[in-house]
Amino acid sequence: QVQLVESGGGLVQAGASLRLSCEVSGLTFSNAHIGWFRRAPGKEREFVAAIGSRPGSSYYEESLKGRFTGSRDNVKKVVHLQLDSLEPEDTGVYYCAVGDKFNTLMFSETIRYWGQGTQVIVSS
């Protein structure tokens with residue numbers, strides 16, 4: 001059974017940083033392509049970042065590039081998303097997900113497994 005468990009969310013002030021984590025079990029982690037998505041209050045879920053199975057492979061939603069950085073630890077089977085210079089507009093529930101193909105991770109309809117999400121609230 002595949003499980004994805006996010007953690008690291010919280011309430012912070014604008015300008016602060018958070019490090020989200022996603023622990024993955026039930027599949028061959030080193031082969032897994034991991035996506036991060038978020039859902040802001042009253043909005044559709046949107047793509048944030050993709051971290052591929054190959055070391056160093058990643059891409060981001062264009063508007064978030066430079067503030068958000070993904071990484072993975074294949075030994076601990078965990079993926080991280082570093083959120084820097086947070087803004088109130090970054091408030092939402094952040095989800096990690098597993099997809100079959102790295103290049104299509106940004107499309108939520110291609111996702112096979114979802115985590116339950118972790119809440120991020122950024123106050124102004």
Side-chain angles (χ1 to χ4, degrees):
Q1 181 181 0
V2 177
Q3 286 191 313
L4 292 81
V5 180
E6 301 95 334
S7 62
L11 170 63
V12 296
Q13 290 190 327
S17 298
L18 281 173
R19 189 191 195 204
L20 307 184
S21 298
C22 173
E23 295 184 39
V24 182
S25 61
L27 50 73
T28 305
F29 181 80
S30 59
N31 294 338
H33 304 299
I34 308 295
W36 284 95
F37 294 76
R38 69 182 183 186
R39 188 193 299 273
K43 295 188 177 181
E44 296 288 318
R45 184 166 51 197
E46 64 176 352
F47 168 75
V48 172
I51 295 94
S53 61
R54 295 177 64 180
S57 59
S58 63
Y59 57 89
Y60 303 87
E61 159 61 33
E62 192 66 28
S63 63
L64 303 175
K65 218 182 276 188
R67 292 197 301 121
F68 291 6
T69 307
S71 62
R72 66 190 293 153
D73 184 330
N74 284 350
V75 173
K76 296 181 178 179
K77 299 183 181 181
V78 63
V79 174
H80 300 291
L81 185 67
Q82 178 71 30
L83 314 178
D84 294 321
S85 302
L86 282 163
E87 305 168 353
E89 293 73 23
D90 296 318
T91 293
V93 179
Y94 284 68
Y95 302 89
C96 65
V98 172
D100 287 334
K101 296 182 179 181
F102 177 58
N103 290 340
T104 58
L105 271 176
M106 79 285 280
F107 303 114
S108 59
E109 57 267 28
T110 68
I111 296 299
R112 295 192 65 182
Y113 305 102
W114 292 95
Q116 293 298 307
T118 184
Q119 177 79 54
V120 171
I121 301 174
V122 184
S123 63
S124 57

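- The side chain to side chain donor-acceptor pair (under 3.5 Å) check on Lys101 picks up nothing, with sequence neighbours excluded.
- With sequence neighbours excluded, the residues satisfying side chain to side chain donor-acceptor pair (under 3.5 Å) with Ser21 are His80.
- For Glu62, the salt bridge (Lys or Arg N to Asp or Glu O under 4.0 Å) partners are Lys65, not counting sequence neighbours.
- Scanning for side chain to side chain donor-acceptor pair (under 3.5 Å) contacts around Glu89 gives an empty result, with sequence neighbours left out.
- Residues passing the ring-ring contact (aromatic ring centres under 6.0 Å, His included) test with Phe107, sequence neighbours excluded: none.
- Every residue two or more places apart in sequence or in another chain that forms a side-chain contact (heavy atoms from CB on, under 4.5 Å) with Asp84 is listed here: Ser17, Gln82.
- The closest side-chain heavy-atom distance from Val78 to Val24 is not below 4.5 Å.
- With ring centers used as reference points, Tyr95 lies 6.0 Å or more from Phe47.
- Under the salt bridge (Lys or Arg N to Asp or Glu O under 4.0 Å) criterion, Glu87 pairs with Arg67, sequence neighbours left out.
- Judged by distance alone, with hydrogens and angles left aside, the side-chain atoms of Arg19 form no donor-acceptor pair with the main-chain N or O of Gly9 at under 3.5 Å.
- Leu83 is listed as a side-chain neighbour of Leu81, based on a closest heavy-atom distance under 4.5 Å.
- Hydrophobic clustering of Ile, Leu, Val, Met, Phe, Trp and Tyr side chains at less than 4.5 Å, counting indirect connections, keeps Ile111 apart from Val48.
- Contacts of Ser57 classified as side chain to side chain donor-acceptor pair (under 3.5 Å), with partners at least two apart in sequence or in another chain: none.
- When hydrophobic side chains of Ile, Leu, Val, Met, Phe, Trp and Tyr are connected at separations under 4.5 Å, Leu11 ends up clustered with Ile121.
- Note on Tyr59 and Leu20: separate hydrophobic clusters, where clusters join Ile, Leu, Val, Met, Phe, Trp and Tyr whose side-chain heavy atoms are under 4.5 Å apart, directly or indirectly.
- Val79 and Leu18 fall within the same hydrophobic cluster, where Ile, Leu, Val, Met, Phe, Trp and Tyr residues are linked whenever their side-chain heavy atoms come under 4.5 Å apart, directly or through other members.
- Leu86 places a side-chain heavy atom less than 4.5 Å from the side chain of Phe68.
- In this structure, NZ in Lys77 is found 8.5 Å from CG in Leu27, a value given to the nearest 0.5 Å.
- Contacts classified as side chain to side chain donor-acceptor pair (under 3.5 Å) and involving residues 109-124 (residues at least two apart or in different chains) are given here: Asp100-Arg112.
- Nearest heavy-atom pair across Tyr60 and Ala49 is CD2-CB, 3.4 Å.
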Without placing hydrogens or testing angles, list every side-chain donor-acceptor pair under 3.5 Å for residues 31-43, not counting sequence neighbours.
| from | atom 1 | to | atom 2 | distance (Å) |
| --- | --- | --- | --- | --- |
| His33 | ND1 | Ser53 | N | 3.2 |
| Arg38 | NE | Glu46 | OE2 | 2.6 |
| Arg38 | NH1 | Asp90 | OD1 | 2.9 |
| Arg38 | NH1 | Tyr94 | OH | 3.0 |
| Arg38 | NH2 | Glu46 | OE2 | 3.1 |

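- With sequence neighbours left out, Lys76 forms a salt bridge (Lys or Arg N to Asp or Glu O under 4.0 Å) with no residue at all.
- In this structure, SG in Cys22 is found 4.5 Å from CG in Leu4, a value given to the nearest 0.5 Å.
- Residues Thr91 and Val120 are not in side-chain contact: their nearest non-hydrogen atoms beyond the backbone lie 4.5 Å or more apart.
- Atom-to-atom distance recorded for Cys96:SG and Glu6:CD is 4.0 Å, nearest 0.5 angstrom.
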